[in-house]
Structure formats: structure tokens, C-alpha cells
Protein chains: 2
Amino acid sequence: MALSTAQRVAAALRARIESGDLPPGHRLSEEALGREHEVSRNTLREAFRLLIHDSLVVHLLNRGVFVRVLEPADVTDIYRMRAALETAGVRAAAHAPRTLHDAVSATVTEAERAAAAGEWQQVGSADLHFHRALAALAQSPRIDSAMDRLLAELRLAFHEMPSPRRFHEPFLARNRALAKMLESGEHARAEAELTTYLDDARELILGAMKEAHA
Amino acid sequence: MALSTAQRVAAALRARIESGDLPPGHRLSEEALGREHEVSRNTLREAFRLLIHDSLVVHLLNRGVFVRVLEPADVTDIYRMRAALETAGVRAAAHAPRTLHDAVSATVTEAERAAAAGEWQQVGSADLHFHRALAALAQSPRIDSAMDRLLAELRLAFHEMPSPRRFHEPFLARNRALAKMLESGEHARAEAELTTYLDDARELILGAMKEAHA
DNA sequence: TGTTGAGGATTGTTCAACAATATCCTAGCC
DNA sequence: GGCTAGGATATTGTTGAACAATCCTCAACA
């Protein structure tokens, strides 16, 4: 067993949350989930703690854990921190090894292939990979894991998106452009573009959220 | 019951770690500590989880929990992420409300007062507060809590510092200068100074660590 | 209509027993 | 002498249970 039981259960729950099987706001009953996944309450609670650390769920005393509901303020906040981490990556691009640059280009290609196939869900995943690769240019394990957590949170907001295509399509070309700027060493321009890019993306998500709740 | 047994034990362990009674790298035996603190292993494990969240200890599957030991690579990494977050704060300084700017100045004054009193331990705390205040200019709760965790980790490295005064004294004036640049709107200059500032601080810590291990 | 309180359901805490795993020690081999 | 295999031992992982504390529901009541 390479993974502990709690880690295994946490991974399963994470998948169920990200797939929408366990929707935002849903309460995770200890008794029900313990029965479904065939683990004791103690182990399940340990799994919950792992998810809490990823802030995929929130814990309310004596009330249990709930799948996180993303408020507009959360989206704004997440994009602020993303901007900080991805900017750090872009600024360190000059000192990053070739493998990390190649990884950035690879994610753009991945997104373009998925778009050509009409797999807009996959385009979304590739887009997240692209931004993770940008932050990875900073060569910092702590930045990497912080990015992973942020993007996992953000995935919760995507559930409210009506049309993945309408959201992701405009960014395909911008991702490619950004990757090209990094390749050619136009770091200052890349940094400026990244800022407006993230501002635009944030506004699109906030707009969609407002629509969904109206 | 205001505090659970686990919280009480966690506080006791935290004190023992910070006092050096439980040195970095030391394994926290469930059986031994359970006997000493007169709690069951399960309760002790709950206490461990609280310490893990503060990253005061690390958990290795089937091997137990160990008092965290900071490697030079960790210090380098922490400073990379600090640079990303504090730079984000400085760049957002123009849009930050007055109260946040006042908070920055207040921490500088706090440090100067402690230095005048010869309380170099307090100067160290004030310095951490200063950097937290810088990051806070970004107005992002997630950045704030990430900074808190980074600074808590860094505190472990301070244990290896032979002379708090020699480390902190040179930065008193630089903190004041940085605060002044922000007040007067010299954002670009503040950003540049912050970068070299953090590089210098990192090298000082790395040097002290190398000395301690030699 | 709003409030109060009993009760039932759920989580919080702790425990001790059993299973799974790592570590250490010894014997045998090169 | 140094090294590897494998079994004894020590330690952590997991479980189910018991009990306490808290929240929620819903009916009775002012």
C-alpha cells in the first residue's frame, strides 16, 4: 500500500467533488460516506482533513464538512494570488531550464488538440495545466503546490459555467501568444499581457456567476 | 471544556518544540509521548495533526511524525515564494487603503522601539510583522494566510541563528527606507529594493546555517 | 406569529484491540 | 571484513465502539 487508506479515500472524494457528483454546498455525511467507501468514521475524518487542507471542503463545528461554495469574493481573491504566483514564474522565465519552457509549450499544444477535437472539458484542464506550468517557471515546490490548490479551488467555480467553449475558446490564442513571448524573451511584454489576461478571465467568471445566480 | 485534550497536548508539544526540548529531526513517538502526557494514541495523533497544519512537524507514512528540519533548499524555496507574495503587495500598494499603509509603518516603528530597548527577539517578531504587512497590501486573504505559514516555517530556521542582533540590525534601516518609498509612491524603486533585500536576507540565513552545520 | 423545549440525529472525543509496515538484528554468504 | 536475506520486534495505521456535546426538527404553546 503506497497510499494510506485516508489518502485513497480523499482522492476518491476529490474526484467526486471535481466531477460534480458532490455539488458545492453538499454536506458530507460521515455515516453515509463511511458506509459507501467502507472505512471507519475515524479514517474518513482523516480524509476530510486532507480535503480541508486543499480547501475543497469547509468544516463547521458540530455541523460537519461541506463541499466548498465559491463566492465572487473567493474568485477575486484566487485571481489575486494566481497573479502573484504566475507573475513570479514569468519573471523567472529567463533563468528557467529548457524543460520547464517545453512544458509550457506542451500544454498549449494539448489545449489546441483538445479544441480541435471539440473536447471543451479537456481544453479546460489543459488551460489549468498551462497556468500551472507558468508558475512552475519560478522553480519553487511551495509555489507549485500552492498553485495546485488554487486551481483545484477554481475548478469548483467552473461547475457554474454554462458553456465551457465560450469561456475557453478566446484564451487558446492568448495562451499560444504568451508562450511565444516567453520563447522569444519578451518578458516584460509577457508580464503585462498576463496581467490583463487574468483580469479578463476573472471578469468572465464573475459575470457567469452573477448570471447563474440571477 | 474550552480546549479539547488534543489541543492541550498540541500546545504542550508546540512549547517543547519551540524551546528546543524536542530538537529538529527528532521523532515524536506516539507511545512515549502518549504515556508522558497521559492520553491515548488516538488523541495524540489528533494533536499531531494540529502541529502538521502549522508545519512544525512532518508526517511520514508508517514512520511517524518528526520535528521539522529546514534544509537550505527550504530556505531558498521559502524566499522565492515570499518574494512572489511580497512583490504582489508592493505592486498593489497604490490601490491599498490608508489603514494597510499605516500598518506597515506601525511595524517599522515597533521594530525600532524594540531595537532601542535591546529586545532583539522582539525585533525579529516585528520584522516578520513588517513583511506580513507588505504582503497584506495585496488585499488577499489567501495571500495573507500563505504568508503566515511561510513565516512560521522560517521561524524554525531562526533557531540556528547565533546572534539575532547581528541578523536583524542591518534591516532596521532598510525596513524604514522601504516604508518611506511606499509612502512617497516610489513603487518601482520599492520593488527593486525589496528584491535585493530578500536576496540579502536569504544569503545571511544560508550562511548561518552552513556555519552551524560546519 | 413567534417562541420554547423535548427528542432524535449527527458530529466530537476518547479508547483499546487488531492489522500493516518499517526497523533492527542475526545468520549465512562472498 | 563487508554485504545481503529474512525473520523477530517495535511502531504506526485502521477499526469499531462508547459516550458526550451540539444541532435540527417539529410540535405545543403563549
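For the numbers below, each heavy atom of this structure counts, side chains included, while hydrogens, waters and symmetry mates do not. Each chain gets a letter, A, B and so on, in the order the sequences are listed, and its residues count up from 1.
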Spacing between A:Leu28 atom CG and C:dT10 atom C1', to the nearest angstrom = 14 Å
Smallest heavy-atom separation, A:Thr76 atom then A:Arg202 atom, equals CA-CD, 4.0 Å
Does anything in residues 61-68 of chain A reach DNA chain D, meaning a heavy atom under 4.0 Å, and if so which residues?
-> A:Asn62, A:Arg63
Atom pairs under 3.5 Å: protein N/O with N/O of nucleotides 6-8 of chain C:
none

Looking at B:Phe158, does the NZ or CZ of B:Arg155 lie under 6.0 angstrom from its six-membered ring centre and within 45 degrees of the ring axis?
-> no
Can A:Arg82 be said to sit on top of A:Tyr79's aromatic six-ring, NZ or CZ under 6.0 Å from centre and within 45° of the ring axis?
-> yes
From B:Asp144 atom CG to B:Leu85 atom CG, the distance as rounded to the nearest 0.5 Å = 9.5 Å
Near A:Gln121 CD, under 6.0 Å, is it more than 12 heavy atoms from other residues, nucleotides or ligands?
-> no
Pairing residues for B:Arg68 by the side chain to side chain donor-acceptor pair (under 3.5 Å) criterion, not counting sequence neighbours = B:Glu153
Can you check the B:His59 NE2 to D:dT14 C1' distance for me, whole Å?
-> 12 Å
Crowded around B:Glu203 CD? As in, over 12 foreign heavy atoms under 6.0 Å?
-> yes
Could you check which residues of residues 49-56 of chain B get a heavy atom under 4.0 Å from DNA chain C? Sort them by number, please.
-> none
Tested for side-chain contact (heavy atoms from CB on, under 4.5 Å) against A:Phe66, the lone hit among A:Leu60, A:Leu28, A:Leu22 is A:Leu60
With the threshold set at 4.0 Å, does a side-chain nitrogen-carboxylate oxygen contact exist between B:Arg132 and B:Glu110?
-> no
Polar contact flag, side-chain donor to acceptor under 3.5 angstrom, B:Tyr197-B:Asn175 = yes
With a 4.0 Å heavy-atom cut-off, tell me which residues in residues 35-47 of chain A come close to DNA chain C, sorted by residue number.
-> A:Arg41, A:Asn42, A:Arg45
Specify the separation, in whole Å, of atom CD of B:Glu31 and atom P of C:dA17.
-> 14 Å
dist B:Phe130:CZ -> B:Thr109:OG1 (nearest 0.5 Å) comes out at 11.0 Å
Do any pairs count as a side chain to side chain donor-acceptor pair (under 3.5 Å) and have a residue in residues 18-27 of chain A, sequence neighbours left out, and if so which ones?
-> A:Arg16-A:Asp21
Short side-chain to backbone donor-acceptor contact, A:His168 and A:Ser125, under 3.5 Å | no
Report the distance from atom CZ of B:Arg27 to atom P of D:dA10, rounded to the nearest whole Å.
-> 13 Å
Rounded to the Å, how far apart are B:Glu30 CD and C:dC18 C1'?
-> 15 Å
